[in-house]
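A short write-up of the structure that comes next.
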Amino acid sequence: MKTRALGAFGWLLFTMILWGSAFPSSKYATEHVPHEIAVLFRFGGGAIVLLIITFFRRSQQAPKLKDVVGACVAGVIGVCGYNSLFFWGVTLAPASDGSVIFPALTPVITAVVLILSRRESARPARMMGLVLGVGGAALFFFATNAHGAPGSTQLMGDTIFLIGAAVWSTYTLLNRRLVAGMDPVQAVTYSTVAGSIALGALAAPHFGSVDWGTLSTGFWINAVYLAIGPTAVAYVLYVRGIRDVGASAASVMMFAVPLFGTVFSFISLGESFTLAQGGAAVVMVGGALLAVITGRKPAAAQAGSEQPVPAGSSQEAADAGVQEPDETTAPGASDATAREADPLAR
């Protein structure tokens, strides 16, 4: 069991590397084609790979129509809505900004909504984490505004990243109900296909503006990498990680994404933070991590009671006594697989 868990964490770490690399790779793609087309290439290609994986998997029970519809709705919100904002954001702001804002603010926004709606209560340590997360975000935006040159689009791009994090939080809160009755990989595939169809509709008006003959070999290699690596392969690895160590432990690994995203953005794009932005990013990510690892109790739970494993969670996690995640996991975790958050966030 220990060997299996150790191997699972190794694959999860590799998944975080893939998701971290998606930020500069996505920005590179948007430098050559409109962002609507770039995001379609990534998730349309990912949908094709996932369909192939699903075809060769052992046969699963056919999903109910209502679950298929729910997965398609989730795909329109999570794949199309969130990722359209993400790719738009990287055309205006450094990819490294997005690699910090998305993983840190999604669990913070989700937790705040749940607490304000009285669906959850929180321990003092978790509340402190949320305060640090919000405060770090405010400092990050303040530092960006102070550092930005006249006419800079960075603040606008960071604001779009923030809106995208809010959209992903909405998706996180809805998706558990939408795909609760489906096999995880089936749910992921249906969501990705539906979201890709919606992305295709958004991208269609822009195809005529691209001079396809001038696109370099590097662009196409990058497009194939985005579809296979950070999308389809990362999905499968994350599903396996959740199966082996539980979704709660897997979701905490998401906090490695800002590190890898920043490193890859520096290496491939030459991006870097100012000292003030770097300090604010540390506060923001640290606060969000504290909010996640200290856990929470449902509002109706008694003090000291243990959170039950949600219906529909993996049998392996239940057998191992691993607690499934709350609804504040970061945006790279899989809602369809963990019933909470979706790896297509990255």
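Positions are given from 1 along the sequence. From a predicted model like this one, the values you see are computed outputs, not experimental measurements.
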Answer yes if the side chains of Thr54 and Thr189 hold a donor-acceptor pair under 3.5 Å, and no otherwise. yes
Remaining members of the apolar cluster that contains Phe56, side-chain heavy atoms under 4.5 Å: Ile48, Ile52, Phe55
Main-chain N/O of Ala143 paired to Gln277 side chain as donor or acceptor, under 3.5 Å: no
Are the side chains of Glu36 and Leu199 in touch, meaning some heavy atoms are under 4.5 Å apart? no
Could I get the full list of side chain to side chain contact (heavy atoms under 4.5 Å, CB included) partners for Ala29, not counting sequence neighbours? Ala38, Phe219, Asn222, Leu226
Can the ring centroids of Phe102 and Phe86 be said to lie less than 6.0 angstrom from one another? yes
Quick one: closest heavy-atom pair of Leu132 and Gly287, and the distance? CB-CA, 3.7 Å
For Phe266, I'd like to know if atom CZ has over 12 heavy atoms of other residues, nucleotides or ligands within 6.0 Å. no
Measure across Leu215 and His32 and return the closest heavy-atom pair with its distance rounded to 0.1 Å. CD2-O, 3.9 Å
Would you check if there is a donor-acceptor pair between the side chains of Tyr225 and Ser21 at a distance under 3.5 Å? yes
Neighbour count >12 (heavy atoms, 6.0 Å) for atom CG, Leu275: no
Give a yes-or-no answer on whether the side chains of Thr110 and Ser169 include a donor-acceptor pair shorter than 3.5 Å. yes
Over 60° means perpendicular and under 30° means parallel, so tell me whether Phe140 and Phe273 are parallel, tilted or perpendicular. perpendicular
Check: Val90 and Phe161 side chains under 4.5 Å, non-hydrogen atoms: yes
Nearest heavy-atom neighbours spanning His206 and Ile37: O-CD1, 3.6 Å
Who clusters with Val193? Use side-chain heavy atoms, under 4.5 angstrom, across I, L, V, M, F, W and Y, and order the result by chain and number. Leu51, Ile197
Hey, can you tell me if Trp11 and Phe14 have their rings parallel, tilted or perpendicular (30° and 60° cut-offs)? perpendicular
Exactly one of Leu85, Val39, Leu202 should register a side chain to side chain contact (heavy atoms under 4.5 Å, CB included) with Cys80. Which one does? Leu202
